[in-house]
Amino acid sequence: MSDETAVQEAATEQGAWRAEQVEALFALPFNDLLYRAQTVHRAHFDPNAMQLSTLLSIKTGGCSEDCKYCSQSAHHDTALEAEPLLDVARVVEAAQAAKASGATRFCMGAAWRGPKARDLQPVLDMVRAVRALGLETCVTLGLLQDGQAEALAQAGLDYYNHNLDTSPEFYGEVVSTRSFDDRLDTLAKVRAAGIRVCSGGIVGMGEARADRASLLAVLANLAPPPESVPINMLVQVEGTPLSGSEPLDPLEFIRTIAVARIVMPESYVRLSAGRAALPEAAQALCFFAGANSIFYGERLLTTDNQEAERDRMLLEKLGMHVLAVHQEAPAAREGAGCGCGTRLESA
Ligand code: SAM
Ligand code: DTB
Ligand code: SF4
């Protein structure tokens, strides 16, 4: 048995990944790693299908948290102007445009530590209105209090995005105003309410490969792992403490995607922020490594994304097609956490 096969079989037998085992995957020769990731990918997904999510910042800037990568933290002096919560009509307009452009999921992000009681009601209205358009819904609102995940589930929310951001070991270098365990607690609340989990992290923040491996091990060992795993490359924003970090080698980024695919074979892996900075050939290698979801549309939250027209051309050049929307009635997923977010239906 080869070393790498032994690594994977050991992890499968004991049902949990140790960070050293995940790091051993990172250390494989590049071609072996990509071959392995593509093999796992094909066993679980249509390798030519791509999931398209469009983002909208529904409440921008002025955030109380001190996340060192973020343009929206009130602790940093960035050029960003804070804006209040958008009204529902404005959000519906943006969701309609996203749908017309070909997106199947609409993700709404708010620059909050977490939603206050008075903030949640308008967000529930947004979820219901976007869902009524036939789009999958996702929100990322920060830490949740008791009862808030249930209210979101009741409104029909399909996914809640809450990233672990980095390894437990490196976490203190990046955020001080909330803990790694606070984040795990919110993920547990989301899971218990029957909402699908979207959770990943950011690379290129000066962390070591061991941290990237440790983050992926924590995500893979969640039971079950997140249905959706965004892998973001740090977008360096002037005025944030992490601006000026040593950029990550794109080959290491592709390795990160490949390892995520191997350790979370049934999850959608999203090539997320930082994609516009990658040449098309590197993006294609990320797809080969197992990324099967992207943010689609000209803007992420506060920074630019790759243009939609360029994405359509790229998918066409690669012979890839868009994954159709997969919505269930909220009642159908009571007591969920069933992993049904991984069902395949091609447009
Ligand atoms: N305030 C909420 C929270 O932090 O959970 C939701 C919005 S927050 C902007 C969502 C995620 O975007 C962060 O957890 C982080 O992983 C990612 N993100 C934010 N700024 C980024 C940047 N400059 N580069 C890459 N990813 C970033
Ligand atoms: C995720 O993992 N990445 C998205 C989404 N979830 C909310 C956010 C990326 C933000 C990039 C920087 C910005 O545009 O502000
Ligand atoms: Fe606030 Fe979220 Fe940005 Fe942190 S990542 S500063 S919580 S908006």
Side-chain angles (χ1 to χ4, degrees), residues 51-64 70-72 74 79-145 147-162 190 193 195-196 198 228 230 270 272-273 293-309 311-312 322 324-331 347:
Q51 194 283 321
L52 303 185
S53 294
T54 291
L55 270 171
L56 176 70
S57 180
I58 58 170
K59 193 270 164 191
T60 304
C63 183
S64 62
C70 189
S71 61
Q72 307 200 66
L80 192 74
E81 287 204 11
E83 289 169 27
L85 186 65
L86 297 182
D87 61 34
V88 180
R90 170 73 190 79
V91 172
V92 168
E93 203 179 291
Q96 277 165 334
K99 186 178 178 187
S101 164
T104 58
R105 190 175 308 160
F106 194 68
C107 307
M108 295 161 270
W112 290 324
R113 171 181 170 82
K116 298 197 173 67
R118 68 165 185 276
D119 296 326
L120 200 60
Q121 195 53 50
V123 175
L124 300 178
D125 293 340
M126 291 172 194
V127 169
R128 281 188 279 262
V130 171
R131 206 164 195 276
L133 298 175
L135 286 163
E136 293 175 326
T137 51
C138 178
V139 296
T140 179
L141 313 173
L143 302 175
L144 293 180
Q145 303 299 319
Q148 292 186 322
E150 286 73 14
L152 288 162
Q154 203 67 43
L157 182 70
D158 296 295
Y159 291 83
Y160 193 87
N161 167 246
H162 193 60
V190 169
I195 300 168
R196 294 185 205 126
C198 174
S228 165
R270 183 175 307 135
S272 303
S293 173
I294 53 172
F295 283 123
Y296 172 71
E298 275 72 14
R299 290 289 276 176
L300 294 168
L301 290 175
T302 67
T303 63
D304 288 341
N305 192 25
Q306 182 157 299
E307 281 176 15
E309 176 58 17
D311 278 341
R312 286 192 289 269
V322 175
V325 74
H326 167 50
Q327 262 195 356
E328 283 171 287

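The minimum heavy-atom distance between Leu300 and Asp304, with the atom names listed, is CD1-O, 4.0 Å. Of all heavy-atom pairs spanning Ala193 and Ala153, the tightest one is O-CB, 3.5 Å. A pairwise comparison of heavy atoms in Ser57 and Gln72 identifies OG-OE1, 4.2 Å as the closest pair. The minimum heavy-atom distance between Thr137 and Arg131, with the atom names listed, is CG2-N, 3.7 Å. Of all non-hydrogen atoms in Gly102 and Val322, the two that sit nearest each other are O-CG1, 4.0 Å. The two residues Ser71 and Leu80 make their nearest non-hydrogen contact at O-CD2, 3.6 Å.
For the pair Leu144 and Tyr160, the minimum side-chain heavy-atom distance is below 4.5 Å. For the pair Arg90/Ile58, no side-chain contact is recorded, criterion being any heavy-atom separation below 4.5 Å from C-beta on. Residues Arg105 and Ser228 have side chains in contact (heavy-atom distance under 4.5 Å, counting atoms from C-beta outward).
In this structure, CD1 on Ile195 lies 5.0 Å from CG on Leu152, to the nearest 0.5 angstrom. The CG atom of Leu141 sits 8.5 Å away from atom CD of Gln148, with the distance rounded to the nearest 0.5 Å. Interatomic distance, Phe295 CZ to Cys107 SG, rounded to the nearest 0.5 Å: 5.0 Å. The OG atom of Ser101 lies 5.0 Å from the CZ atom of Arg312; values are rounded to the nearest 0.5 Å. A distance of 13.0 Å separates CD of Glu81 from OG1 of Thr302, quoted to the nearest 0.5 Å. Distance SG/Cys198 to CZ/Arg270: 4.5 Å, rounded to 0.5 Å.
With hydrogens and angles disregarded, a donor-acceptor distance shorter than 3.5 Å links the side chain of Asn305 to the backbone of Gly297. No donor-acceptor distance shorter than 3.5 angstrom exists from the side chain of Asp158 to the backbone of Cys138, with no hydrogens or angles considered. Between the side chain of Thr54 and the main chain of Phe106, no donor-acceptor pair closer than 3.5 Å is present.
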Practice problem: Decide side chain to side chain contact (heavy atoms under 4.5 Å, CB included) for Lys59 and Leu86; before the verdict, give the C-alpha distance in whole Å, the side-chain angles of both, and the deciding distance to 0.1 Å. | Solution: CA-CA 6 Å; Lys59 193 270 164 191; Leu86 297 182; over 6 Å; no
Quiz prompt | Trace of the side chain to side chain contact (heavy atoms under 4.5 Å, CB included) decision for Ile294 with Leu52 | solution = CA-CA 5 Å; Ile294 53 172; Leu52 303 185; 3.5 Å; yes
Table please: side-chain donor-acceptor pairs of residues 110-128 below 3.5 Å, with sequence neighbours left out.
| unit_1 | atom_1 | unit_2 | atom_2 | d |
| --- | --- | --- | --- | --- |
| Arg113 | NH1 | Glu65 | OE1 | 3.0 |
| Arg113 | NH1 | Thr177 | O | 2.7 |
| Asp119 | OD2 | Lys116 | N | 3.0 |
| Asp125 | OD1 | Arg128 | NH2 | 3.0 |

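Enclosure of atom CD in Glu307 is not indicated, since only 12 or fewer non-hydrogen atoms of other residues, nucleotides or ligands lie within 6.0 angstrom.
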